[in-house]
There are 2 protein chains.
Amino acid sequence: MNSSTEEDYLKAIYMLSAQHSSGVSTSAIAERMETKASSVTDMLKKLSEKGFINYVKYQGVTLQQKGSDVAIKVIRKHRLWEVFLCTKLNFTWDEIHEVAEQLEHITSVKLVDSLDQFLGYPKVDPHGDPIPDKNGNFHKIKEVALRDLKVGEKAVLIGVREDSREFLKYLESIKLLLGSKMEVLNKFEFDESVLIKVNGGNEIMLSSLVCKNLSVTYDKNKK
Amino acid sequence: MNSSTEEDYLKAIYMLSAQHSSGVSTSAIAERMETKASSVTDMLKKLSEKGFINYVKYQGVTLQQKGSDVAIKVIRKHRLWEVFLCTKLNFTWDEIHEVAEQLEHITSVKLVDSLDQFLGYPKVDPHGDPIPDKNGNFHKIKEVALRDLKVGEKAVLIGVREDSREFLKYLESIKLLLGSKMEVLNKFEFDESVLIKVNGGNEIMLSSLVCKNLSVTYDKNKK
DNA sequence: ATACATATTTAGGCTTGTCTAAAAATATAT
DNA sequence: ATATATTTTTAGACAAGCCTAAATATGTAT
């Protein structure tokens, strides 16, 4: 019934939706799933027929409630198992993902909830990503405007306060996406612009206006 | 590569081999796997080509070393997970099997060995069945001759000391198989015969000679 | 607006593991 | 020893997921 392949697709679509806000493209899914676009098309038809997604040919994909529920449950399981592997079995950061990728497909509601309890109802996984509770609700994380960060602080982009078409276009052009990690390298008082490093890579200067409109949360990620 | 279906077949064959000593029949496997005999035949051909089993048409099946290794690893995982579910997540007896049936197919050597350590290297699972160690060796269990049991004691048949063709035939005819559970109901001194109840069902009178040749181990199973 | 490039879908095939129905081998009973 | 019953295998099909190659849409640049 609930094939783990379908779950993987729904999870991928969920993850990608969070970043692109419009429909998710076939090729984006293909890249993430490490498969061919034609295979994705096949699967999208199936998921659409089963009521998991909204799919219109050539138009990309959005999740239906039902699909989102499945994705969130899988993410919950994945992240709880990661906590288990790290805190109970002493796995290191780089070892947990691969195994959790398998464990996330075990189907037993009782197992997940018992594990959650056993682990002490953790709110975030070892990467700092939030773990949805048994009702699928994510723990609210502290939201801060980028301009309020101090030099040297690290954060993750979690939202935009002004979402005009142009602004989003702009963000996309400079590769600032939801989930992007950033570090404040310098703040210039005279015009309130900020220099940041994105995802440990290139450095970008952001204007006062932009900084005001970016919501971030502190990145507790130790890595 | 290592499809979980193949693992399930090898495990089934392993379990059935332990009881029948001769080759395992297609229909026995089909029954255990809850599938059709024709499907089993297909799979046996594949497993044979891959060197997991010895398969001769119409003659039944035995495991090759390679197949036995796979089966034992799966059994090790299954039983360790059962311990985990019982002792750490407070699952009850009847709930563990189904979930362990899924968990046993997770492929990560490090996971299994870490779990083993985390659980304190248990020697038996919650059903009292032995857990092979990481080298595939089963913990040696205390072997006793049936005639040395006292009235009221319970045991499991683990071997025969005399394995003539007729003796094995006899055991099969009275449904005394390896793994059969028995309880000593009465012992008759005058001819050293023993009355036992088999698998909680029918009662059988065993002669002195038979008792001397049956190896059992005490049944610590609380059920 | 047209031509080119890119993204997406379709068509047809492959593998794994399953099934049913029919054929072949083995086992059993007289 | 022969007929009957049972077990096992073969043949042919199907669904899920994947692939390659070709066709079709969409996007972009002039």
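Order of the sequence lines sets the chain letters (A, B, ...), proteins ahead of strands, with each chain counted from 1.
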Quiz item: Considering only side-chain heavy atoms of A:Lys46, which listed nucleotide, D:dT24, D:dT20, D:dG17, is closest?
Solution: D:dG17

Quiz prompt | Options C:dT18, D:dA25, D:dT7, nucleotide nearest the side-chain atoms of B:Thr35 | solution = C:dT18

Exercise. Could you tell me whether B:Lys73 atom NZ has more than 12 heavy atoms of other residues or ligands within 6.0 Å of it?
Key: no

Exercise. Could you check which of D:dC18, C:dT9, D:dT10 has an atom nearest any side-chain atom of B:Lys57?
Key: D:dT10

Quiz item: Taking N and O atoms by type only, does the side chain of A:Ser38 place a donor or acceptor under 3.5 Å from a partner on the base of D:dT20?
Solution: yes

Quiz prompt | Check: A:Phe84 ring centre within less than 6.0 Å of B:Phe84 ring centre | solution = yes

Practice problem: Select one nucleotide: of D:dT8, D:dC18, D:dT10, the one nearest the side-chain heavy atoms of A:Met43. | Solution: D:dC18

Quiz prompt | Whole angstrom value for the distance that separates P of C:dT8 from CG of A:Asp42 | solution = 15 Å

Quiz item: Does any N or O in the side chain of B:Ser39 come within less than 3.5 Å of the main-chain N or O of B:Thr35, such that one atom is a donor and the other an acceptor?
Solution: no

Quiz item: Any sub-3.5 Å donor-acceptor pair from B:Gln102's side-chain atoms to A:Thr107's backbone N or O?
Solution: yes

Quiz item: Can you tell me how far C1' of C:dT18 sits from CD of B:Glu6, to the nearest Å?
Solution: 15 Å

Practice problem: Name the closest nucleotide to the B:Lys36 side chain, picking from C:dC19, D:dC18, C:dG17. | Solution: C:dC19

Exercise. Have a look at B:Thr41 and say if it touches a base, only the backbone sugar-phosphate, or nothing, with a 4.0 Å heavy-atom cut-off.
Key: base

Quiz item: So which nucleotide from D:dT9, D:dT26, D:dT8 ends up closest to the side chain of B:Ser25?
Solution: D:dT8

